[in-house]
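These notes concern the structure reproduced below.
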Amino acid sequence: MSILSDFWINSPLTTLAVTGGLALLLVLLFFRQPKSLPLASNDSGKLMISRRALHRMVEACCENVRGVAAANASINIRGEQFNTRLRLKIRPEAKLDAIQGYLTQEITHIYRENLGLTSEIGPIEIKVVGVIPAEPSF
């Protein structure tokens with residue numbers, strides 16, 4: 001037998017670890033999200049948007065809301081459903097229930113009207129991760 005086959009036979013733990021690592025790599029490659037999403041296509045071409053541009057569009061919408069200091073968006077596509085997670089840093093005077101309702105409405109509007117998505121819009125989860133001090137007034 002060769003040295004390589006002796007190594008594989010004599011160390012089953014290493015064999016198991018290498019095989020598990022390769023299986024994990026294949027699963028990660030198979031289930032990764034696409035870098036850009038198709039918005040529309042016809043005979044003359046295709047309209048695509050990058051995942052980062054979509055994130056920035058939603059983040060900009062959030063940061064325009066009074067009381068929101070910073071936003072971080074994560075959008076995953078499961079089948080035909082867009083699942084949106086927002087992580088917000090807010091100001092102390094923020095009204096959370098009003099922000100949640102407004103952002104849900106505006107993000108749905110962005111998906112349907114601005115991007116022309118006809119697929120189902122999944123849940124929009126909002127998580128407050130920090131509070132930024134109010135801006136000093138003079």
Side-chain angles (χ1 to χ4, degrees):
M1 284 215 240
S2 71
I3 297 173
L4 186 59
S5 63
D6 284 341
F7 175 75
W8 288 111
I9 292 171
N10 293 332
S11 59
L13 188 58
T14 304
T15 304
L16 185 62
V18 169
T19 306
L22 288 174
L24 180 64
L25 181 63
L26 287 174
V27 167
L28 290 176
L29 286 174
F30 183 70
F31 287 113
R32 73 179 182 163
Q33 296 283 320
K35 289 185 180 184
S36 56
L37 307 169
L39 295 179
S41 92
N42 57 25
D43 295 338
S44 62
K46 217 190 272 191
L47 176 62
M48 307 275 286
I49 186 169
S50 74
R51 182 173 297 283
R52 183 66 192 139
L54 184 58
H55 290 183
R56 276 304 304 147
M57 186 180 289
V58 172
E59 289 168 1
C61 172
C62 295
E63 290 169 358
N64 286 334
V65 175
R66 187 169 182 241
V68 176
N72 185 345
S74 173
I75 302 164
N76 293 318
I77 297 110
R78 301 277 184 230
E80 293 290 319
Q81 188 176 36
F82 277 63
N83 298 329
T84 306
R85 283 194 192 127
L86 300 172
R87 296 169 46 94
L88 303 178
K89 290 186 181 180
I90 61 169
R91 300 202 187 282
E93 72 274 2
K95 306 267 188 268
L96 294 179
D97 56 341
I99 289 173
Q100 188 266 340
Y102 179 77
L103 287 178
T104 301
Q105 180 182 7
E106 282 300 307
I107 292 169
T108 301
H109 180 75
I110 286 172
Y111 287 159
R112 293 208 192 280
E113 302 299 322
N114 294 11
L115 301 177
L117 296 176
T118 57
S119 59
E120 183 179 339
I121 297 173
I124 298 173
E125 299 175 11
I126 300 173
K127 182 177 184 180
V128 176
V129 295
V131 178
I132 304 294
E135 295 178 0
S137 58
F138 290 97

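Heavy atoms only: backbone and side chains are in, while hydrogens, waters and symmetry mates are out. Predicted model, so just to flag it, every value in this text is computed and none were measured.
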With rounding to the nearest 0.5 angstrom, report the [atom1] to [atom2] distance, [X] to [Y].
{"X": "L86", "Y": "E125", "atom1": "CG", "atom2": "CD", "answer": "9.5 Å"}
{"X": "K89", "Y": "C62", "atom1": "NZ", "atom2": "SG", "answer": "14.5 Å"}
{"X": "E59", "Y": "N64", "atom1": "CD", "atom2": "CG", "answer": "12.0 Å"}
{"X": "E113", "Y": "T108", "atom1": "CD", "atom2": "OG1", "answer": "10.5 Å"}
{"X": "I75", "Y": "H55", "atom1": "CD1", "atom2": "NE2", "answer": "4.5 Å"}

> Do other residues, nucleotides or ligands put more than 12 heavy atoms under 6.0 Å from R56 CZ?
Replying inline: yes

[X] with [Y], same ILVMFWY side-chain cluster at under 4.5 Å:
{"X": "V131", "Y": "V65", "result": "yes"}
{"X": "M48", "Y": "M57", "result": "no"}
{"X": "I49", "Y": "I110", "result": "yes"}

> Which is it for L103 and I124 under the side-chain contact (heavy atoms from CB on, under 4.5 Å) test, yes or no, and what are the steps along the way?
Replying inline: CA-CA 9 Å; L103 287 178; I124 298 173; 5.9 Å; no

> Given side chains that start at C-beta, do those of I107 and F82 come closer than 4.5 Å, heavy atoms only?
Replying inline: no

>> Less than 4.5 Å apart, side chain to side chain, heavy atoms only: is that true for I99 and L88?
In response: yes

Shortest non-hydrogen contact from [X] toward [Y]:
{"X": "I132", "Y": "P92", "value": "O-CD, 3.1 Å"}
{"X": "Q81", "Y": "I121", "value": "CG-C, 4.3 Å"}
{"X": "A71", "Y": "E63", "value": "N-OE2, 3.3 Å"}

>> Checking the side chain of R87 only, and the main-chain atoms of G130 only, is there a donor and an acceptor separated by less than 3.5 Å?
In response: no

> Taking it one step at a time, do L96 and I126 satisfy side-chain contact (heavy atoms from CB on, under 4.5 Å)?
Replying inline: CA-CA 10 Å; L96 294 179; I126 300 173; over 6 Å; no

